Q: 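Handing you a structure now.
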Amino acid sequence: MIEACDLRQSYRGRVIIDGLSVRLGPGIVSLLGPNGAGKTTLLRTLATIKPPTSGTFSVDGHVIDSPAALQQARHRIGYLPQAFGYDPSLTVQDFVHYAAWIRGVPRQQRSSHVASVLDDVRLAEHAKTKMRKLSGGMIRRAGIAWALVGEPAVVLLDEPTVGLDPQQRVAFREIVSRCGQQATVVLSTHLVDDVDALGGDVVVMNEGRALFHGTKDELAALGDAPSTGATPLERGYIRVLENAEATAI
Amino acid sequence: MSIEDLRTFLFLRRCWFGPVVVALVSVVTVVVGHHEVANPVPIAEGVATLPVWRLLSLIVAIMPAVLLHSPLGELESAAVREYWRVQHLYLAGSVVLYLGSFTVVAWLGLGGDTALIALRAMIAWLGLALLSGRMFGWSRSWLLPLVSVAILLFWGMDTGSTYVWWEFSARPHDDWKSAVVAGGLALLGAAIYWARSWRRHLLHPLRRARSLSR
Amino acid sequence: MRLIGVLRHANALWLLPFLIAVDLSMIFLRDDHWVGVWPETAVAAQMPAMFLAMLAAAYAAWTARREERLGLAEQLEASVRPRWQRELLGVASIAAVTVVAYCVGFVVALARTLPQSPPGFSLVPGYWLLGLFPMLAAVGAGWILGKYLPSAIAAVVAGIGGFLAFAYFGEIGGERIVVISGYPDTHVDLFVVLTRVAAAVALCAVAILLPVRKPRSLRGAEQPSYPWARPLVLVPACVVVMISVFALGRAAGPAIAERAAVDPLCRGDQMKLCLWPEHEKYAPVVAEISQRVEALPDIFVREEDVAWEYGLRYRVDRLDDGTVDLGDEEQGSSTFEIFDGSPGAITREIARMISWRGYQGECAREVDEARDVTLRIDSWLEHYLAGGGSPGQIPAGDPEVGEQLQRGFDVANGDLSREEQFEWAEEQVEEYRSICPRDGQS
């Protein structure tokens, strides 16, 4: 579980996350919001890539306020950026094995974790295949394996369904659902479909602030009144954004 | 760390380029290192010159920093301590191997005094390369050292054909002022290398005080 | 495509302010003796070209595989524009940024000299063209290295290697890639320099046309990894053009050629000192020196005398290191040279000339005691002619020589009146003649 307290993040003087206080998890949490809402910056901050400008956050109750706490947190976090780098010459197995080492998975357990996670993402039979020979969907699954290997307590996925075809998205949701039973999975998306299918909690973000935090049913309930959108969830999402705009005016 | 992870770590950094480049530069240094070439700066009379080894040593000096680059980028940023320990060891090993072997080759090929000057210059350029790498990315570690070359060559010699006190790549091997400059640049580079963003964040005096008082 | 569009391409525009800063610093943060003399101004503005070339070579090497680095290779492979056109844009943008920075420096330097409007502006374009060659050639060479080596390694190898190559083939190789002094007795041969620039453009063309190894993902069975067919014809053709053009330039003679003598600018009556008109700026200083020469004891001065700035009447080969060996015969002639524009440099030359013509002979080179006396007299003459009044130390060098020079310097800059200085000088000459009785009776 992750708890953020008055978290602020800025880039070159521009405020990206504006005093966010939120508790994420356990289970699946979807960050929903328009482009530029601050979802990626929040995930990068929680992944300990970029320290917050101010405020604190904790992972499983441990506040990151010392180098030791930072190391502890990194053992527990699996993170996959939207556009992740890979070396085309590496095999899938090498790629994920390396991730296990990066995450500090004990040496004797690494191989079994790698095999298990490759099985989970249905890449076991491509373990010895070079990354350059994988399709776009398979590369994305290898990336998910990177984030999941070692059974981290917190998994952060930035727009993980971008570029996946419908069949791959269904498969991906299965993986995430399974993972969500043991870990806190925070994923960012701007696709309401994903939220609907994955269930769990939803945080609607805009301009660096959390406008809504609740279950998907609570969000859908906001969309009962006539509004733009094809589904109750979409209408609820639009309503939250419209309310925020009206308040701002 | 298993052998295969170490292999992947080294493979991602294209580590074999280091020994190849250093070996080639060493051979060239032994063969033509002592040749004097024209340095197009105005001095009182005649033309300033510089020996070829002075600039060749820069190529060796930046290798440890340049070869820290990995295509995985952000995926490695949140790694645990063991990874960083290996990276520090890799950097230290590269520094000892590349700078050390070039110094030995220069010692044998060009003499002890020259080798010591080359070592001092490489230490300074390594510091600048680490600074440059931290600022612009490891693959751009060459930027500040290359700019420093323009400064050293153009302003490093006064019109009386004397090297100025901070000219760490040309002053005599026992000159202490330029040695201090080189050491300072190396320390600066090492400090910047050490001070990753979270370290800066956590060791910020105010935050540290607040954390300890909690 | 508009210029700004070209500059924006390859992310090269950010480089422009940086290169301008480097260029202007190199022009203005060393010395300013060049202000007021057109060829010296042009040379001062041309001198940063080697350093701009070094940075441009590194940046070109870094940029050559930028498309691949950014993961754009695949989408650009499917573009309407062939690869060479995209590369042309990349090479052109870096070359344009470098040349624009160079031109900005040139214009600012020219503007600094313009208020004094000295003669000799026609010498300026040649030096401007001279500086273009290393920059354009560096971009081409850097691009080639960047195509075949990992970008970071290519960048540093191109930067350092490019500088060393130019430095090697420069002054020492006799090709004069750039020059460091704009002597008015020389000018840039435009034909030779234009052939060099053409050769550099041909090198850029070779860089663009050389085949590049495609990423594995783009290699197909029907498409060979190396599309050799076209480069097989075009690259050798460009290389041949490049070598021919460069050879043509070399055959035409050196890039820096001697100028024909012109009507000189003379100052003084009894001791007339004549300058190249481009050195009009030094006329007042030279007039003062002439007056001081005329006031010297008779032992130093002939009744009517004329001294010429180098190249106006006498000329010998300039040495590789830029200095001039006047030889025994020429030392006896009335020739002086202005090295870096300081009165000290002018008076040093004139002092040597006066000594030689007044009393000195071969003995000064052969007998140590005679050499010491001439060192003292030359040092006194140099500083007396410069006006004296600047106490200090002679820069350290050979301690024995330095001691003699310092003695002459102290007399010129000490408390002695002019007459007392002259007395001292005459005693020195007497001492010289006691050592070398038959010398210096010219």
Side-chain angles (χ1 to χ4, degrees), chain A residues 40 43-54 56 63-91 93-108 110-111 114 131 143 146-147 150 152 156 158, chain B residues 1-17 67-90 134-139 191 193-214:
Chain A
T40 295
L43 288 179
R44 291 185 82 233
T45 307
L46 300 180
T48 72
I49 302 288
K50 189 173 170 13
T53 312
S54 68
T56 57
V63 179
I64 301 178
D65 58 0
S66 69
L70 176 69
Q71 286 305 315
Q72 200 59 37
R74 284 181 171 179
H75 278 277
R76 295 162 178 273
I77 297 171
Y79 169 58
L80 181 69
Q82 187 182 344
F84 60 94
Y86 63 90
D87 190 308
S89 316
L90 287 181
T91 64
Q93 189 174 28
D94 285 343
F95 181 69
V96 181
H97 207 280
Y98 188 65
W101 173 62
I102 290 266
R103 182 134 340 107
V105 177
R107 185 175 178 173
Q108 56 276 25
R110 261 177 238 156
S111 294
V114 170
M131 293 287 282
W146 174 289
L156 307 168
D158 192 6
Chain B
M1 173 185 218
S2 66
I3 291 293
E4 51 190 331
D5 292 324
L6 179 64
R7 198 189 61 207
T8 307
F9 178 89
L10 296 173
F11 177 79
L12 286 168
R13 280 153 188 80
R14 303 291 185 265
C15 68
W16 56 89
F17 275 114
L67 294 175
L68 282 176
H69 172 74
S70 154
L72 298 193
E74 202 161 87
L75 284 180
E76 287 177 333
S77 302
V80 295
R81 189 171 284 143
E82 192 185 348
Y83 163 87
W84 296 111
R85 210 173 284 148
V86 170
Q87 181 169 299
H88 303 334
L89 273 174
Y90 170 73
R134 188 57 95 198
M135 285 167 73
F136 310 114
W138 295 119
S139 60
Y193 169 78
W194 179 83
R196 295 197 304 273
S197 56
W198 267 96
R199 279 218 172 100
R200 291 198 302 273
H201 179 78
L202 292 173
L203 296 180
H204 190 285
L206 286 175
R207 284 196 194 93
R208 187 100 187 117
R210 216 180 298 152
S211 158
L212 291 173
S213 65
R214 205 177 285 148

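Below, read A as the first sequence line, B as the second, and so on, with proteins coming before strands; counting in each chain starts at 1. Worth knowing before you read on, the calculation uses all heavy atoms, side chains too, and leaves out hydrogens, waters and symmetry mates. Small disclaimer: the values here were computed from a predicted structure and weren't measured.
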Q: Search all heavy atoms of A:Ala47 against all heavy atoms of B:Ala78 and return the closest pair with its distance.
A: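 Looking at all heavy atoms of both residues, the shortest contact is O-CB, 3.3 Å.
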Q: Can you tell if the side chain of A:Arg107 reaches within under 4.5 Å of the side chain of B:Asp5, non-hydrogen atoms only?
A: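 Not touching, per the 4.5 Å side-chain cut-off.
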Q: Which heavy atom in B:Glu76 sits nearest to a heavy atom in A:Ile102, and how many Å separate them?
A: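 It is CG-CD1, 3.7 Å.
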Q: Could you tell me the separation between the CZ atom of A:Arg44 and the OG atom of B:Ser77, rounded to the nearest 0.5 Å?
A: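 Result: 7.5 Å between the selected atoms.
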Q: Is there side-chain contact between B:Thr8 and A:Leu90, with heavy atoms separated by less than 4.5 Å?
A: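 Side-chain contact under 4.5 Å: yes.
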Q: One thing to verify: whether B:Arg14 and A:Asp87 come together as a salt bridge, which I'm taking to mean a side-chain N less than 4.0 angstrom from a carboxylate O.
A: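 Salt bridge between A:Asp87 and B:Arg14, a charged N being under 4.0 Å from a carboxylate O: yes.
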Q: Pick whichever of A:Thr48, A:Leu80, A:Ile64, A:Asp94 has the most heavy-atom pairs under 4.5 Å with chain B.
A: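 When all of A:Thr48, A:Leu80, A:Ile64, A:Asp94 are compared, A:Thr48 has the most.
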Q: So for A:Leu70, is it side chain, backbone, both, or neither that comes closer than 4.5 Å to the heavy atoms of chain B?
A: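 Contact with chain B is through the side chain of A:Leu70 alone.
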Q: Taking side chain as C-beta onward, heavy atoms only, is A:Phe95 less than 4.5 Å from B:Leu75?
A: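 A:Phe95 reaches B:Leu75 side chain to side chain.
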Q: Test side chain to side chain contact (heavy atoms under 4.5 Å, CB included) on A:Trp101 and B:Leu6 and set out the steps.
A: CA-CA 9 Å; A:Trp101 173 62; B:Leu6 179 64; over 6 Å; no
Q: Does any part of the side chain of B:Phe11, heavy atoms only, come nearer than 4.5 Å to the side chain of A:Tyr98, both counted from C-beta?
A: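 Heavy-atom side-chain distance check fails, nothing below 4.5 Å.
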Q: CH2/B:Trp84 to CZ/A:Arg74 distance, rounded to the nearest 0.5 angstrom?
A: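 Rounded to the nearest 0.5 Å, the CH2-CZ separation comes out at 6.5 Å.
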Q: Tell me whether B:Glu82 contacts the main-chain N or O of A:Gly104 through its side chain, where contact means a donor paired with an acceptor under 3.5 Å.
A: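 No; zero donor-acceptor contacts below 3.5 Å.
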Q: Counting only heavy atoms closer than 4.5 Å, note whether A:Ile77 contacts chain B via side chain, backbone, both or neither.
A: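 Interface part for A:Ile77: neither.
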